[in-house]
**Q** 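Let me begin by handing over the structure; questions about it come next.
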Amino acid sequence: QVELVESGGGLVQPGDSVRLSCVASERTFSNYIMGWFRQAPGKEREFVAAQNGLGTSTHYSESVKDRFSISRDITKDAVYLQMRFLRPEDTAVYYCVARRSGGFPSSPASYDYWGQGTQVTVSS
């Protein structure tokens, strides 16, 4: 069982930057696809970004691809989501996810492990 713990959320203003962190409990973390989803109030969970085990391939949703960046530090069993030029519509609970198989599916059901989520609120 892989445990994922997110941190780094909070209240920010439009245009600000925030970096979310996720630490995995599993020492074979580097074998997993790691990514982020988000869920805004009243909406379904939405794929944000994902990266393969070696950090050589990434995939982003269209709504964030020019503003967000995913990265990972295998030595720390950590994955990060750098968010820039934040907008009010980015307000959501952000979840760190892990997937044992390859590929970057956008369906939440395709990911095996989930963190508890961290709230990001973008408001002036």
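The basis for the numbers below is simple: all heavy atoms, side chains too, and nothing from hydrogens, waters or symmetry mates. The structure presented is a predicted model; accordingly, all values stated were derived computationally and were not measured.
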**Q** Looking only at heavy atoms, which two atoms of F104 and A50 are closest? And how far apart?
**A**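 Closest approach of F104 to A50, heavy atoms only: CD2-CB, 3.6 Å.
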**Q** How close do L86 and R67 get, heavy atom to heavy atom, and via which atoms?
**A**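 Shortest heavy-atom separation between L86 and R67 comes out as CA-NH1, 3.9 Å.
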**Q** If you draw a 6.0 Å radius around CD in E3, do more than 12 non-hydrogen atoms from other residues or ligands fall strictly inside?
**A**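 No, because the 6.0 Å sphere around CD of E3 holds 12 heavy atoms or fewer from other groups.
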**Q** With hydrophobic residues grouped by side-chain heavy-atom distances under 4.5 Å, do Y113 and V79 end up in a single group?
**A**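 Yes.
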**Q** Roughly how far, to the nearest 0.5 Å, is the CZ atom of R38 from the OG1 atom of T91?
**A**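 Answer for the OG1-CZ pair, T91 versus R38, is 9.0 Å.
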**Q** Tell me whether the count of non-hydrogen atoms from other residues, nucleotides or ligands lying under 6.0 Å of CD in E44 goes above 12.
**A**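 No - once you tally the heavy atoms of other residues, nucleotides and ligands closer than 6.0 Å, there are 12 at most.
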**Q** In Å, rounded to the nearest 0.5 Å, how long is the span from CG of D66 to CZ of R84?
**A**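 These two atoms lie 11.5 Å from each other.
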**Q** Would you say the side chains of R99 and Y111 form a donor-acceptor pair under 3.5 Å?
**A**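 The answer is no; no qualifying pair exists.
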**Q** Hydrophobic clustering (ILVMFWY, side-chain heavy atoms < 4.5 Å, transitive) - are V12 and L20 grouped together?
**A**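 L20 clusters together with V12.
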**Q** Are V64 and F85 packed together at the side-chain level, in the sense that at least one heavy-atom pair is separated by less than 4.5 angstrom?
**A**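 Contact flag for V64/F85 side chains = no.
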**Q** Using side-chain heavy atoms (C-beta onward) and a distance below 4.5 Å, is T118 in contact with S7?
**A**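 No, their side chains stay 4.5 Å or more apart.
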**Q** For F47, enumerate each residue passing the ring-ring contact (aromatic ring centres under 6.0 Å, His included) test, keeping only those at least two apart in sequence or located in another chain.
**A**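 F37, H59.
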**Q** Please find the pair of heavy atoms, one from Q119 and one from A92, that lie closest to each other, and give the distance.
**A**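 The pair with the smallest heavy-atom distance is NE2-O, 3.4 Å.
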**Q** Working to the nearest 0.5 Å, report the span between CZ of R100 and CD1 of I33.
**A**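 Going from the CZ atom of R100 to the CD1 atom of I33 covers 13.0 Å.
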**Q** Is a side-chain N or O of E6 found less than 3.5 angstrom from the main chain of G117, in a donor-acceptor match?
**A**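 Yes, because the side chain of E6 sits within donor-acceptor range (under 3.5 Å) of the backbone of G117.
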**Q** How about V120 and M83: do any of their side-chain heavy atoms sit closer than 4.5 Å?
**A**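 Sidechains of M83 and V120: in contact.
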**Q** Run the side-chain contact (heavy atoms from CB on, under 4.5 Å) check on D112 and Y32 step by step: do they pass?
**A** CA-CA 10 Å; D112 304 296; Y32 293 85; 5.6 Å; no
**Q** Would you compute the distance between atom CG of N52 and atom CZ of R72 and round it to the nearest 0.5 angstrom?
**A**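 Between N52 CG and R72 CZ, I get 7.0 Å after rounding to 0.5 Å.
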**Q** About how many Å separate OH of Y60 and CG of L81, when rounded to the nearest 0.5 Å?
**A**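 Going from the CG atom of L81 to the OH atom of Y60 covers 8.0 Å.
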**Q** Quick one: is the NZ or CZ of R19 closer than 6.0 Å to the six-membered ring centre of Y80, and within 45° of its axis?
**A**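 Because its charged atom sits under 6.0 Å from the ring centre and within 45° of the axis, R19 does stack over Y80.
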**Q** Check for a donor-acceptor pair, side chain of Q116 on one end and backbone N or O of V5 on the other, with a separation under 3.5 Å.
**A**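 Side chain of Q116 to backbone of V5: no pair is present.
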**Q** Could you give me the CA-CA distance, side-chain angles and deciding distance for C96 and W114, then say whether side-chain contact (heavy atoms from CB on, under 4.5 Å) is met?
**A** CA-CA 6 Å; C96 178; W114 290 73; over 6 Å; no
**Q** Mind running side chain to side chain donor-acceptor pair (under 3.5 Å) on S63 and S61 for me, showing each step along the way?
**A** CA-CA 5 Å; S63 62; S61 70; 3.2 Å; yes
**Q** What heavy-atom pair brings Y94 and V48 nearest, and what distance separates the two atoms?
**A**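 Between these two residues, the closest heavy atoms are CE2-CG2, 4.4 Å.
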**Q** Can you tell me how far the CD1 atom of I70 sits from the CD atom of Q51, to the nearest 0.5 Å?
**A**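 Taking CD1 in I70 and CD in Q51, the distance rounds to 5.5 Å.
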**Q** Looking at every non-hydrogen atom in both residues, tell me the closest pair between P14 and S124 and how far apart they are.
**A**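 Heavy atoms of P14 and S124 come nearest at CD-N, 3.7 Å.
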**Q** Mind listing the closest non-hydrogen atom pair of A98 and L4 along with its distance?
**A**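 Closest heavy-atom pair between A98 and L4: N-CD1, 3.8 Å.
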